[in-house]
Novice: 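Quick one: the structure is below, questions incoming.
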Amino acid sequence: MSASPTLRVGMIGHAFMGAMHSHAWRTAPRFFDLPLTPELAVIAGRDPQSTAAAAAKYGWAESSTNWRELIERDDIDLIDICTPGDTHREIALAALRAGKHVLCEKPLANSVAEAEEMTAAAEEAQARGVYSMCGFSYRRTPALTLAKQLVDEGRIGTIRQVRAQYLQDWLSDENAPMTWRLDKTKSGSGSLGDIGAHIIDAAQFVTGSDIAGVSALLETFVTRRPLAGAKVGLGGSGDLAGEYADVTVDDAALFTARFENNAVGIFEATRFALGRKNAIRLEINGTLGSLAFDFEDMNVLEFFDATLPAHVQGFQRILVTEPEHPYTANWWPAGHGLGYEHGFTHQVVDLVRAIGSETAPTPSFRDALGVQRVLQAVETSAAANSAFTAL
Ligand code: SOE
């Protein structure tokens, strides 16, 4: 690793994203030359024992249960927010005010109002040389970065249609326990913000055009769920007995969209697609060709080139592992493939390089505010239900 100046990181949260971001901070300087060397200084959580255990497991020098104190430390340069959405605004505003760079998990916030406040603070801080990024990591999957490159090269011509899905199935079982992701006060929304935000960002990133309007439908299939570890079942009356909680968010979000470049799109985000584990699918149809991606086959990008002679046309499977592809030269020889975690490492690489070169990282909080506006528009459209015609 280069003997570059350190970038001392304080991370808040140590669940799934905390574990993943820890891996990315540890790994990035070992595979990429960086202008600053990340130091896993402090990990913060609510419980002293579990946070100390996370520090030992993920390689953090210290643990803390006081994120406010962490943000005020002079020996911390960047705050990485890996907590549920209801805490993003307070933590990010405090960190930016304290002159700390910020990486904030997606979605940026639980409302447009919060996201607007965070964006204003981020842009004011940037004038002081304090940078921020929102963690839409899938755009840094090499195949999706390549898709954007091919669109920008004009390889598929004018974009006509976008087809985007994010399919998971971990809530298909109606007895799967309650989680913060199903509580609107914590998560802001359900599938829509948790995974729909990813395909909104990916579609806007790859096409280079923002969504201008939507028509939406939201559905909650299971409205009450057992608390984790609770003894539940049917009581004498045949009704649910035991400790249950109300699900206050969507289980599935479906919407059509029109982009500012007049392309039209169809989006689906659900955690009930039994059998689909983490299927982010993006297909883009243009006038000269099409692109298709499925995260469950994440090292491949399919490309249909309509400029070829008809007898050799067909979707080609580009194995995105050649050194000429985005990010891949720093990893393994062609054909050996990358995984879910690599997008997070690439996210750290690009953030650290942006900070080191004093340039604004992307996706910015303003980019993430754009996603937040789409989330709000979907909820507004679904509530109005105006596009629905009963038969
Ligand atoms: C749960 O749906 C989840 O962990 C999302 O919150 C992440 O953003 C996604 O990368 C994997 O699935």
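No hydrogens, no waters, no symmetry mates; every other heavy atom, side chains included, goes into these values. Atoms within a ligand are numbered from 1 in the order they appear, just like the ligands themselves. The model shown is predicted, which means the values in this text are computed figures rather than measured ones.
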Novice: With atoms numbered from 1 as shown, which atoms in ligand 1 lie under 4.0 angstrom from a non-hydrogen atom of F16?
Specialist: 4 (O)
Novice: When you compare ligand 1 with R271, is there at least one nitrogen or oxygen pair between them that comes in under 3.5 angstrom?
Specialist: no
Novice: Just which atoms of ligand 1 are under 4.0 Å from any heavy atom in H198?
Specialist: 7 (C), 8 (O), 9 (C), 10 (O)
Novice: Scan side-chain atoms only and decide if Y138 and D201 contain a donor-acceptor pair under the 3.5 Å cut-off.
Specialist: no
Novice: Ion pair present between R8 and D77, side-chain N to carboxylate O less than 4.0 angstrom?
Specialist: yes
Novice: Can you report which non-hydrogen protein atom sits closest to atom 12 (O) of ligand 1, along with the distance?
Specialist: Q168 NE2, 2.9 Å
Novice: Would T359 and S357 count as having a side-chain donor-acceptor pair, cut-off 3.5 Å?
Specialist: yes
Novice: If I take atom CD from residue E117 and atom CG from residue L93, how far apart are they, to the nearest 0.5 angstrom?
Specialist: 5.0 Å
Novice: Could you list the atoms of ligand 1 found under 4.0 angstrom from a heavy atom of Y138?
Specialist: 9 (C), 10 (O), 11 (C)
Novice: For ligand 1, find out whether one of its N or O atoms is nearer than 3.5 Å to an N or O atom of Y340.
Specialist: yes
Novice: Less than 3.5 Å apart, any donor N or O on the side chain of E105 or H21 sitting next to an acceptor on the other?
Specialist: yes
Novice: Is there a donor in the side chain of S290 and an acceptor in the side chain of N285, or the other way round, less than 3.5 Å apart?
Specialist: yes
Novice: Hey, are D305 and R155 close enough for a salt bridge, meaning a charged N less than 4.0 Å from a carboxylate O?
Specialist: no
Novice: Which one holds for Y166 and ligand 1: side chain close, backbone close, both close, or neither close, with close meaning a heavy atom under 4.0 Å?
Specialist: side chain
Novice: Are any of the N/O atoms on E105, whether in the backbone or the side chain, positioned under 3.5 angstrom from an N/O atom of ligand 1?
Specialist: no
Novice: As a check for students: among D194, T179, L171, identify the option with a heavy atom nearest to atom 5 (C) of ligand 1.
Specialist: D194
Novice: Under 4.0 Å from a heavy atom of W170: give me the atoms of ligand 1 that qualify, with their elements.
Specialist: 2 (O)
Novice: For ligand 1, which atoms, with element, lie under 4.0 Å from some heavy atom of I195?
Specialist: 2 (O)
Novice: Please report the closest heavy-atom contact between T185 and N110, naming both atoms and the distance.
Specialist: O-ND2, 3.9 Å
